[in-house]
Amino acid sequence: MYSKIPVVAGLLAIAEARFGQEGAVQSVISALGNFGQPGQAATLAGQTPGVLLAGANACAKLQLADEIVSTLGNDPEVIAAAAQLVAAEKNFNPFAVSIPSLCSDANLPATPELRGILPLVDPAVTGADVENANSAQSLKTPFEADGKSVAEIAQLNGFSNFTLQGSDGSTSNAGNNGNNNNGNNNNGSNNNGNNNNGNNSNNGNNDAATSVAATSTAAATTKAAQCGGVRTLTTVVVASPTATEAAGDNNNNNNNNAGNNNNNAGNNGNNNKAGNNAGNNAGGQQSSIAGLDFGTCVPTIKFVGGLGGRPATEFTFQAIDPQISSRQQEALNPNIITNRICDELTNICGANQAAKDACQDAKAQIQALGTRNAQTAETWNELLGFAGVDVSQN
């Protein structure tokens, strides 16, 4: 009698071959040992498996790619290796998760040479042939990426069967975002505090119900199941919220449009400042420079060893404000942190224009300074009116 066991075993072997993707780039980064300081390439290479695991944030590998360049330099060999990480396929189990995640943070990667590169996805994913062909092409000729996230670039070039994932871990279905995450135009996906469903700062205005009900569409997701060792794909349609439900979501004075739970209490231009000129920001700290209103955030930086599970002897920069640090990992390169702070002054902090301009000026000065030590953090803090802040705080 003909047995199906060898066939099934072969199919399972193919499926299992898709696991272990996290080790594919490690050797490429390890080979950069002649760049940077001794041991740095090996340390960075050791971090690559973690950012390519199935449960890793889709933006984490882009942040690590930036760190590789900022640490080892922008030699073409380093850029090429970092590009391999940007394009790398993450671990993915189609029997457990229906679609992959792509990073929706338009600031990542920050390295110009790495922008416009698309990631590979598991061949089992519907549309993978398009995405994987685009990925191969992007390594040779990157796609236009000005102001766009990796997720948006993928969608603009024909692949949308994925989940959007921000650097803060927020997720949504790509099909619900026509503009696909420029950082501000998300209908309940990126939780960046701008909730643009056509009526920012509605503060409980029930007119939002009509807008949400009119613009909501059913989100179709593809789920994979295993039947006798063979993958079968089933489409599941998720119902749109009713107008009544939408009205309930938009009557909380928190601008929670279509399920966006920022709870920023009117952070889209109102920020509950009541003329307090940033008096309500974290810890009550205010800039000593007149006219600078940083809203709900304190834009200071620290320089501490042991952050993010690193060795205690490895010092990195990080934003002190918890609102900002939750959206960005620590970095050896201070410019990554200063860039994030300046972006979040608009996205979540509600800073005034004078504060945003001061942040851009300070960012340019830190980049020109070119140092990576405690004094770098102290200089940044002083430039924004926060002299004397302890930059060694954990």
Side-chain angles (χ1 to χ4, degrees), residues 32 35-37 40-41 43-44 47 51 59-75 78-79 81-83 85-86 103 105-117 145-150 167-168 183 294 297-305 307-308 310 314-321 323-349 351 355-386 389 391:
L32 300 174
F35 297 98
Q37 299 299 316
Q40 286 184 323
T43 298
L44 292 166
Q47 296 177 47
V51 299
C59 298
K61 69 170 184 170
L62 306 183
Q63 294 170 331
L64 180 57
D66 280 334
E67 188 170 342
I68 288 170
V69 176
S70 67
T71 302
L72 304 181
N74 62 351
D75 183 273
V78 175
I79 295 295
L85 177 58
V86 174
C103 181
D105 190 333
N107 298 305
L108 297 172
T111 305
E113 295 90 339
L114 299 180
R115 294 191 62 80
I117 297 174
D146 187 22
K148 300 181 182 69
S149 68
V150 168
S167 55
D168 61 346
F294 292 98
C297 301
V298 179
T300 50
I301 287 177
K302 60 185 177 181
F303 184 67
V304 182
L307 294 177
R310 297 171 185 263
E314 185 174 11
F315 282 70
T316 54
F317 297 91
Q318 178 58 294
I320 295 176
D321 192 292
Q323 295 182 81
I324 300 175
S325 62
S326 68
R327 306 165 75 89
Q328 173 67 58
Q329 293 178 325
E330 77 287 344
L332 293 168
N333 183 354
N335 299 310
I336 293 176
I337 305 302
T338 60
N339 184 67
R340 170 60 67 182
I341 290 175
C342 290
D343 285 340
E344 300 306 349
L345 291 184
T346 295
N347 293 339
I348 63 172
C349 303
K356 296 175 189 177
D357 292 342
C359 190
Q360 293 296 333
D361 290 341
K363 183 172 74 170
Q365 291 189 53
I366 293 299
Q367 187 169 5
L369 192 62
T371 57
R372 299 184 179 187
N373 51 36
Q375 188 175 359
T376 307
E378 291 170 352
T379 300
W380 168 268
N381 295 339
E382 291 171 4
L383 289 171
L384 296 181
F386 296 91
V389 169
V391 300

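Put simply, the side chain of Asp105 never gets that close to the backbone of Ser149: no donor and acceptor are under 3.5 Å apart. Between the side chain of Arg115 and the backbone N or O of Pro109, at least one donor-acceptor pair lies under 3.5 Å.
Side-chain contact between Trp380 and Ile341: present, with at least one pair of heavy atoms (C-beta onward) separated by less than 4.5 Å. Counting only heavy atoms from C-beta outward, the side chains of Asn381 and Ile301 approach each other to under 4.5 Å. Side-chain contact between Ile324 and Cys297 is present, with at least one heavy-atom pair separated by less than 4.5 Å. A heavy-atom distance below 4.5 Å is not found between the side chains of Thr379 and Thr376. Between Cys359 and Glu344, the closest side-chain pair of non-hydrogen atoms is not below 4.5 Å. Residues Phe317 and Val304 have side chains not in contact (no heavy-atom distance under 4.5 Å, counting atoms from C-beta outward). Using a 4.5 Å cut-off on side-chain heavy atoms (C-beta onward), Leu345 and Arg340 make no contact.
Looking at every heavy atom in both residues, Phe303 comes nearest to Ala377 through CB-CB, 4.3 Å. For the pair Ala319 and Ser325, the tightest heavy-atom approach, listed with the atom from each and the gap, is O-CB, 3.4 Å. In terms of heavy-atom proximity, Pro334 sits nearest to Thr371 at CG-O, 3.8 Å. The shortest non-hydrogen separation linking Ala83 to Leu114 is N-CD2, 3.7 Å. Listed here is the closest heavy atom pair of Gly73 and Val78: O-CG1, 3.1 Å. Here the closest heavy-atom approach between residue Cys103 and residue Leu108 is recorded as SG-CD1, 4.3 Å.
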Take Leu85 and Val51 through the test side chain to side chain contact (heavy atoms under 4.5 Å, CB included) and record every step on the way to the result. CA-CA 9 Å; Leu85 177 58; Val51 299; 4.2 Å; yes
Between Thr300 and Asp321, is the side chain to side chain contact (heavy atoms under 4.5 Å, CB included) condition met? List the steps. CA-CA 7 Å; Thr300 50; Asp321 192 292; 5.9 Å; no
Dump the intermediate steps for side chain to side chain contact (heavy atoms under 4.5 Å, CB included) on Glu113 and Val69, then the final yes or no. CA-CA 10 Å; Glu113 295 90 339; Val69 176; 5.5 Å; no
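With sequence neighbours excluded, no residue forms a side-chain hydrogen bond (donor to acceptor under 3.5 Å, both in side chains) with Gln367. Asp75 pairs by the side-chain hydrogen bond (donor to acceptor under 3.5 Å, both in side chains) definition with nothing, not counting sequence neighbours. Every residue two or more places apart in sequence or in another chain that forms a salt bridge (Lys or Arg N to Asp or Glu O under 4.0 Å) with Glu314 is listed here: Arg310. With sequence neighbours left out, the side-chain hydrogen bond (donor to acceptor under 3.5 Å, both in side chains) criterion links Asp66 to Thr111. Among residues two or more places apart in sequence or in another chain, the side-chain hydrogen bond (donor to acceptor under 3.5 Å, both in side chains) test is passed with Gln63 by none. For Gln365, the side chain to side chain contact (heavy atoms under 4.5 Å, CB included) partners at least two apart in sequence or on another chain are Leu383.
Enclosure of atom CD in Gln360 by more than 12 non-hydrogen atoms of other residues, nucleotides or ligands within 6.0 angstrom is indicated.
A distance of 11.0 Å separates SG in Cys342 from NZ in Lys356, rounded to the nearest 0.5 Å. Atom-to-atom distance recorded for Leu64:CG and Cys59:SG is 13.0 Å, nearest 0.5 angstrom. Note: Gln40 CD to Phe35 CZ = 12.5 Å, rounded to the nearest 0.5 Å. In this structure, CD in Glu67 is found 4.5 Å from CG in Leu332, a value given to the nearest 0.5 Å. Taken from CD in Glu378 to CG in Asn373, the straight-line distance is 8.5 Å, to the nearest 0.5 Å. One finds the OG1 atom of Thr316 at 4.0 Å from the CG atom of Leu307 (value rounded to the nearest 0.5 Å).
Side-chain contact annotation: Asn335 with Lys363, donor-acceptor N/O pair under 3.5 Å absent.
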